[in-house]
Protein chains: 2
Amino acid sequence: MARIREFDIDRALDRAMDLFWRKGYAETSLQDLLKELSIGSGSFYAAFGSKEQLYDRCLERYTSLQGGDLRETLDGTADIRTAVRKVLVPMIEADLTDPTRGCLVVSTSTQCGEQPSAAERVTTAVRQVESLLAGALEQAQVRGEISPDKNPRELARFLTTFIQGIRVVGQARTGREFAEDALSVAMRALD
Amino acid sequence: MARIREFDIDRALDRAMDLFWRKGYAETSLQDLLKELSIGSGSFYAAFGSKEQLYDRCLERYTSLQGGDLRETLDGTADIRTAVRKVLVPMIEADLTDPTRGCLVVSTSTQCGEQPSAAERVTTAVRQVESLLAGALEQAQVRGEISPDKNPRELARFLTTFIQGIRVVGQARTGREFAEDALSVAMRALD
DNA sequence: GTAATTATGTATTGACCAATCCAGAAAGGC
DNA sequence: GCCTTTCTGGATTGGTCAATACATAATTAC
């Protein structure tokens with residue numbers, strides 16, 4: 001019927017997501033993207049519409065991947081405290097390894113406040129984290145790991161907020177000890 | 001000796017800081033700044049050097065003002081729990097009133113990772129919050145408001161991290177209840 | 001093989017960007 | 001009044017931006 005596309009859209013999305021993640025929306029120019037994806041502008045606009053639309057798809061992909069990871073960790077770990085640590089420690093490590101990267105949701109929330117679709121995705125992402133944590137905490141409470149007088153939703157909202165904080169101080173380069181001290185206090189909220 | 005400057009540098013700095021705060025670094029063009037400050041480009045570059053240098057001065061001003069407010073609240077409030085609430089509740093309220101504004105330090109940390117002077121100011125700002133909180137917590141411990149087996153520095157690092165998280169979820173528009181639930185759990189860390 | 005359709009990449013568009021230039025204005029020294 | 005100095009703001013610079021236009025290449029249907 002017609003000429004077939006020479007590049008893999010999903011691979012391109014992954015690469016674009018990674019570039020936005022590293023450089024941020026404003027600092028990533030179209031030329032940067034074309035170079036990274038090794039395609040021309042014709043192909044770019046035919047496939048993605050615009051830089052803004054591509055960013056939206058990348059953000060969607062990011063939150064979907066992050067949500068999947070979170071769900072997997074929470075579902076696959078017996079003890080809730082171990083599970084929460086399994087979620088948070090890799091974040092601390094990631095920020096130590098590469099402080100420029102951070103979290104795409106956090107940077108979107110500060111950079112794209114004027115773009116409605118991005119703002120909506122940020123809200124959804126935070127709500128998703130809240131809801132996954134709340135579910136895991138409820139189950140842990142049923143298992144008796146969490147005191148019956150705790151409120152799982154409150155705890156989930158607290159942990160969600162704390163996670164965002166960890167991503168910020170991670171980028172602030174305050175070091176491992178800082179984040180680990182904060183984490184050890186936060187963990188006691190579950191007791 | 002020579003012609004005197006027709007605008008007040010400090011007033012201009014305040015207005016510029018406010019503009020950067022509302023729109024972010026990348027989204028604030030030089031024309032925006034010139035219009036906001038009601039000056040021409042000649043005066044601008046004579047007074048501030050460059051957009052980047054101006055941003056740095058605005059950030060310095062912001063952290064200095066925020067630090068002063070924090071110190072004042074902590075010093076001027078007898079009970080540490082009341083003091084911490086007095087710090088956090090207005091932040092929650094501010095994010096509800098104007099979710100686009102957020103915190104200049106948080107947005108700088110995600111936007112200006114490549115600019116060394118900005119990154120350094122972010123680190124300093126976070127360290128300053130940590131240190132002010134640690135001082136207040138130590139005093140509270142001496143007064144007997146905080147259990148002797150608590151570590152003030154750990155608590156300060158925790159609260160500092162949590163504050164950054166509050167600023168992020170504030171921009172994520174998850175609503176008042178979310179932030180207040182998170183806060184009520186966080187406060188129990190002091191018990 | 002020809003027509004129809006879509007992908008590709010270069011060249012180009014108009015807008016905007018931060019920053020500089022420069023001619024003139026305003027101030028004080030003498 | 002004149003000279004020196006600094007401020008002022010419009011005009012201009014060179015560069016980059018996202019996006020489009022278009023000629024060409026590749027593919028399938030028939």
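Owing to the predicted nature of the structure, the values given are computational and were not obtained by experimental measurement. Every chain is numbered from 1 and lettered A, B, ... according to where its sequence line falls, protein lines coming before strand lines. Only this structure's heavy atoms are used, side chains among them; waters, hydrogens and symmetry mates stay out.
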Considering only distance and modelled atom types, tabulate donor-acceptor pairs under 3.5 Å from the side chains of residues 37-48 of chain A, sequence neighbours left out.
none

Open item on the list: Under 3.5 Å, is there a donor on one side chain and an acceptor on the other for B/T110 and A/T110?
Closed with: yes

Open item on the list: So if I apply the side chain to side chain donor-acceptor pair (under 3.5 Å) rule between B/K23 and each of B/D32, B/T28, B/D18, which one comes out positive?
Closed with: B/D32

- [ ] Provide, to the nearest angstrom, the distance between the CZ atom belonging to A/F7 and the C1' atom belonging to C/dT6.
- [x] 12 Å

TODO: To the nearest Å, give me how far apart CD1 (A/I9) and P (C/dT6) are.
DONE: 15 Å

- [ ] Look at all strands and tell whether B/L34 reaches a base, only sugar-phosphate, or nothing, counting heavy atoms closer than 4.0 Å.
- [x] nothing

TODO: Would you mind reading off the distance between B/I39 atom CD1 and D/dT6 atom C1', rounded to a whole angstrom?
DONE: 15 Å

Task: Whole-Å distance separating the CZ atom of A/F48 from the C1' atom of D/dA19 - done: 16 Å

For residues 184-191 of chain A, please give each side-chain donor-acceptor pair under 3.5 Å, one per line with the distance, not counting sequence neighbours.
residue : atom : partner : partner atom : Å
A/S184  : OG   : A/D181  : O            : 3.0
A/R188  : NH2  : B/E154  : OE1          : 3.0
A/D191  : OD1  : A/R81   : NE           : 3.0
A/D191  : OD1  : A/R81   : NH2          : 3.0

TODO: Do nucleotides 17-30 of chain C as a string where each nucleotide becomes B, S or -: B if the base has a protein heavy atom under 4.0 Å, S if just the sugar-phosphate does, - if no protein is that close.
DONE: SSBB---BBBBS--

Open item on the list: Can you confirm whether the side chains of B/T108 and B/Y55 place a donor and an acceptor under 3.5 Å from each other?
Closed with: yes

Task: Atom-pair distance (CG on A/L54; P on D/dA18), nearest Å - done: 12 Å

Task: Atom-to-atom span, NZ of B/K23 to C1' of C/dC16 - whole angstrom - done: 13 Å

- [ ] Mark yes or no: A/R11 above the aromatic ring of A/F7, with NZ or CZ under 6.0 Å from the six-membered ring centre and no more than 45 degrees from the axis.
- [x] no

